[in-house]
Amino acid sequence: MSRTNHQVRLAARPVGEPRPTDWAHVEEPVGQPGDGEFLVQVLCLSIDPAMRGWMNAGRSYIRPVEIGEVMRAGAVGRVIASHHPGFAVGDHVTGSFGVQEYCVSDGRGVTKVDPAAAPLPTYLGALGMSGLTAYFGLIDIGRPEPGQTVVVSGAAGAVGSVVGQIAGILGCRVVGIAGGEAKCRTLVDELGFDAAIDYQSEDIRKALREHAPNGVDVYFDNVGGEVLDAVLLRLARGARVVVCGAISQYNSTAPKGPANYLSLLVNRATMTGMVVFDYADRYAEGIARMAAWRAEGRLTSVEDVVPGTVADFPDTLMRLFRGENRGKLVLKIAD
């Protein structure tokens, strides 16, 4: 075992897109677990758009990452030393271990996973926080009914790809919005979406008139900005808009809110924010249901696994904002 723990720490709060100088690459001795603790070797890091918000100093749903702190990240790893009665050497676990090679944990917020039941990256995707976000956001807030039209932006991403599939399982017509012909083809041909709109080459408003002629009953928004404004104009009476993210705005120094918000009034619609942590006491429910769908072949987990080291984290994170990932983006740092 390496005696050095390589870490990526936040060195400065970004203005606009994160720059290399916003990160500090640190080496320190591997920590040793005390009583009631265990040592995890991190194998795969979850790369999420929300990370950009965690780097800001402003008020949010979770405290910001402090300057000098190891960058927050969900991860899957293996227990390699333990003085904890609930975790044994060889156990595979998920938790918020941070962008580093090793982490000492007391077990809070850590869950055991079975690599024989699903590949480890899947526990960061459809069977992890991304999948739980999709599940509770769509079912609890979107409340889709069979036959209704569900539109998903960022549909080829970690959350959007699961949202669309769940909506299809529930008997809805599903329209995905994604960037590029290849991503749109994947949505329809591989993930079962009824239609896909390429925001890079199509007029979204015109395409929505074609693919949602009776209006949009549920809109699951991961993008914000112009895409959100376009969908607001196609809302059906009583529509539900789920605000999950706004990746188009995260690096903007002057974020833009929706101009067409009066559509909510006209259509007696609602727009509700969604934070997955609010459903922590129901995670087991969501995981069990999605695991069953996966076992039945009705839910496909799409992971974009990038091999590398923790030093590759800053550039891997930017893949999200360049639209280069398909499905859940994972940085694999060890076997």
Side-chain angles (χ1 to χ4, degrees), residues 15-17 48-54 56 58-62 133-134 136-144 148-161 163-164 167 172-179 183-184 195-276 278 320-321 323:
V15 177
E17 291 189 356
D48 300 291
M51 288 174 158
R52 180 60 187 84
W54 301 341
N56 296 332
R59 181 175 176 271
S60 185
Y61 62 88
I62 191 172
T133 300
F136 290 112
L138 178 65
I139 291 178
D140 276 47
I141 299 176
R143 306 186 307 281
Q148 291 190 330
T149 297
V150 175
V151 174
V152 189
S153 63
V159 174
S161 61
V163 169
C172 299
R173 172 173 173 76
V174 187
V175 180
I177 303 174
K183 288 184 178 180
C184 289
I197 299 170
D198 181 1
Y199 71 82
Q200 293 179 349
S201 63
E202 296 185 68
D203 183 315
I204 297 177
R205 295 182 184 183
K206 180 179 179 181
L208 284 171
R209 288 195 294 271
E210 174 186 352
H211 297 303
N214 297 318
V216 176
D217 298 292
V218 180
Y219 175 48
F220 198 106
D221 186 34
N222 294 299
V223 173
E226 295 179 0
V227 176
L228 170 59
D229 256 338
V231 181
L232 286 176
L233 291 177
R234 290 300 300 168
L235 295 183
R237 179 71 64 88
R240 287 81 67 198
V241 178
V242 184
V243 181
C244 178
I247 194 171
S248 72
Q249 304 297 300
Y250 288 161
N251 289 320
S252 174
T253 56
K256 297 179 180 178
N260 297 326
Y261 72 93
L262 285 178
S263 178
L264 299 170
L265 168 63
V266 172
N267 293 294
R268 290 74 157 176
T270 61
M271 179 182 288
T272 307
M274 191 278 167
V275 176
V276 69
D278 295 341
L320 290 174
F321 302 105

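Keep in mind the model is a prediction, meaning the values are calculated, not measured. Just so you know, these numbers use all the heavy atoms, side chains as well, and skip hydrogens, waters and symmetry mates. Along the sequence shown, residues are numbered consecutively beginning with 1.
Every residue was checked against the salt bridge (charged side-chain N to carboxylate O under 4.0 Å, His left out) condition with D278, not counting sequence neighbours, and none meets it. A search for side-chain hydrogen bond (donor to acceptor under 3.5 Å, both in side chains) contacts involving D221 returns S153, Y219, not counting sequence neighbours. Partners of D48 according to the salt bridge (charged side-chain N to carboxylate O under 4.0 Å, His left out) rule, which considers only residues two or more places apart in sequence or in another chain, are K328. Remark: T253 pairs with no residue by the side-chain hydrogen bond (donor to acceptor under 3.5 Å, both in side chains) rule, at least two apart or across chains. With sequence neighbours excluded, no residue forms a side-chain hydrogen bond (donor to acceptor under 3.5 Å, both in side chains) with S248. For Y250, there are no ring-ring contact (aromatic ring centres under 6.0 Å, His included) partners two or more places apart in sequence or in a different chain.
The distance from the CZ atom of R52 to the CD1 atom of I247 is 11.5 Å, given to the nearest 0.5 Å. Rounding to the nearest 0.5 angstrom, the gap separating the CD1 atom in I197 from the NZ atom in K206 is 12.0 Å. Between the CD atom in E202 and the CD1 atom in I177 there is a gap of 10.0 Å [rounded to 0.5 Å]. Atom-to-atom distance recorded for D217:CG and R143:CZ is 11.5 Å, nearest 0.5 angstrom. Within the model, atoms CG of L228 and CD of Q249 stand 9.0 Å from one another, a figure rounded to the nearest 0.5 Å.
Within the 4.5 Å cutoff, no side-chain heavy atoms of L264 are placed close to those of T270. Counting heavy atoms from C-beta on, the side chains of R205 and R234 never come closer than 4.5 Å. In this structure the side chain of V151 reaches within 4.5 angstrom of the side chain of L208, judged on heavy atoms. Annotation: side chain of L232 is in contact with side chain of V241 (closest heavy-atom distance under 4.5 Å). Taking the side chain as every heavy atom from C-beta outward, T272 and V243 never approach each other to under 4.5 Å. Contact of the R173 side chain with the Q148 side chain is not registered, since no non-hydrogen atoms from C-beta on lie closer than 4.5 Å. I141 has its side chain out of reach of R240: every pair of non-hydrogen atoms, C-beta onward, lies at least 4.5 Å apart. Using a 4.5 Å cut-off on side-chain heavy atoms (C-beta onward), M274 and L138 make no contact.
Between the side chains of N260 and S263, not a single donor N or O lies within less than 3.5 Å of an accepting N or O.
Looking at K183, its side chain does come within 3.5 Å of a backbone N or O of G323 through a donor-acceptor pair.
F220 and C244 get closest at one heavy-atom pair: CE2-CB, 3.4 Å.
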